[in-house]
Amino acid sequence: MISVNKEAMKLVRVILGEAEKLNIAINKLSNGTTVIDMGQKVEGGWLAGKYYALVTMGGIGEVTFGRFRLNETELPAVHVAIDQPLLACVASQIAGWRLQGGDFVPILSGPARALATNPDRYFRWIDYRDDSAEGVICIQTDREITVEIAESVAKACRLQPEHLYILVAPNSSLVCAIQVSARTVEQGLHKLAEEGFDLKSIAFAYGYAPIATLIKDELQAMGRINDCLLYGGTATYYVHSEDQLIREVIGKIPSSYSREYGIPFVDIFERHNRDFYQIDPALHSPAVININNLSSGHTFTAGEVDYAVLRRSLLGP
């Protein structure tokens, strides 16, 4: 059985050995937990962002860079190719673990989710639990990672604190912009599952999205990185299924199916008093969904890129 944590740790060891080259910082907490700062007090960069995205996917998949044309402006884009999307995305990449306790309640993603004694709700879709003496978790925040947070994660994962590795990057960092845009496949997967589509029928997947323009303000940055997925992301799934089953769900998968679609994410967030969990769950999906049915050879498409919202969000007035 593939261990997403063991695969991710292969990348973590490369990261630890090339910290200066990656423009990141390695911090050891008093309990032995290693915190890898990829954008809080350091700049990070393209390669650091690629590694961060690969780690969130449990070391399963490929991340490359390309281009995205937004009218007269050419933006960078991130592309992901994944052979085992259930392992890479559902068992690892989904930001589904909400750590409780204290005034800071981070949402965790990455392979250590598969070690938690009380797994988050997304594990009901797959028959997978990991077994590893080392664990890796990723936290998207500008807040300090404390010993208390590390202890909570280690305890929940039945790990010795010194065997826990935490990657961290704030919304405003290039690393975070890259890793969020690398979630196109993951975002569509949870929508497919929620509409009753059999995830086990998915053989492999591909996705791409523009990488957000950077801004120091954390709230505005959070809005931009989400807009890249919701209004600019495309996910393609290759499945073994029946055409009728695909027809029944595909129109419900793109972000445009949500009643809140059509304005920048930061405005939606403010409308709900900055409570992420009050936002219509149907919104959290890529702009475009393609499903290639390997059984029939037919391909189905729904949604479209919303260039107007992207211009307003990413380029400013």
Side-chain angles (χ1 to χ4, degrees), residues 3-20 22-44 48-49 51-59 91-123 129-173 175-176 178-180 183 218 222 276-277:
S3 165
V4 290
N5 282 279
K6 290 176 182 176
E7 292 299 317
M9 280 304 303
K10 295 176 184 178
L11 297 170
V12 169
R13 290 191 167 87
V14 173
I15 292 169
L16 294 175
E18 299 187 353
E20 184 175 4
L22 297 174
N23 205 14
I24 62 174
I26 311 299
N27 304 309
K28 188 82 75 171
L29 299 181
S30 60
N31 66 348
T33 295
T34 300
V35 177
I36 303 175
D37 176 4
M38 304 186 88
Q40 287 188 336
K41 297 180 180 179
V42 295
E43 290 284 3
Y51 276 127
Y52 192 114
L54 287 169
V55 168
T56 66
M57 294 188 289
S92 189
Q93 191 179 26
I94 286 180
W97 182 4
R98 193 178 189 188
L99 194 64
Q100 300 297 329
D103 62 340
F104 174 39
V105 184
I107 301 174
L108 315 182
S109 65
R113 291 176 48 244
L115 297 172
T117 52
N118 185 24
D120 54 69
R121 64 188 183 92
Y122 298 105
F123 280 90
R129 302 290 291 139
D130 199 7
D131 182 16
S132 174
E134 296 177 302
V136 191
I137 204 72
C138 303
I139 306 180
Q140 181 178 320
T141 183
D142 63 342
R143 301 279 291 270
E144 178 186 3
I145 303 302
T146 63
V147 169
E148 290 72 25
I149 291 172
E151 292 284 351
S152 294
V153 175
K155 182 178 180 181
C157 296
R158 294 167 293 182
L159 294 172
Q160 296 299 316
E162 62 269 25
H163 294 158
L164 174 65
Y165 297 80
I166 301 176
L167 275 62
V168 61
N171 295 325
S172 56
S173 66
V175 168
C176 191
I178 292 169
Q179 69 92 10
V180 169
R183 292 177 177 272
E218 278 290 291
M222 182 273 296
F276 191 85
Y277 290 94

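The structure presented is a predicted model; accordingly, all values stated were derived computationally and were not measured.
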Side-chain heavy atoms of [X] within contact of [Y], under 4.5 Å:
X: L29; Y: T146; answer: no
X: C157; Y: T117; answer: no
X: Q179; Y: M38; answer: no
X: I107; Y: Q140; answer: no
X: V168; Y: I36; answer: no
X: V153; Y: L99; answer: yes
X: I26; Y: T34; answer: yes

Where the side chain of [X] meets the backbone of [Y], is there a donor-acceptor pair that is under 3.5 Å apart?
X: Q40; Y: R143; result: yes
X: N5; Y: V136; result: yes
X: S3; Y: D130; result: no
X: S92; Y: G58; result: yes
X: S132; Y: G135; result: no

Next item on the list: Run the salt-bridge test on E134 and R13 with the 4.0 Å N-O cut-off and return the result as yes or no.
Entry: yes
Over all atoms of both residues, closest heavy-atom pair of [X] and [Y]:
X: Y51; Y: E18; result: OH-OE1, 4.4 Å
X: L164; Y: L159; result: CD1-CD1, 4.3 Å
X: S109; Y: R183; result: OG-NH2, 3.0 Å

Item checked: Summary of side chain to side chain donor-acceptor pair (under 3.5 Å) pairs that have at least one residue in residues 151-163, sequence neighbours excluded -> N31-E151
Next item on the list: Taking salt bridge (charged side-chain N to carboxylate O under 4.0 Å, His left out) as the test, write out the residues that go with D120, two or more places apart.
Entry: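 D120: salt bridge (charged side-chain N to carboxylate O under 4.0 Å, His left out) contacts with R113.
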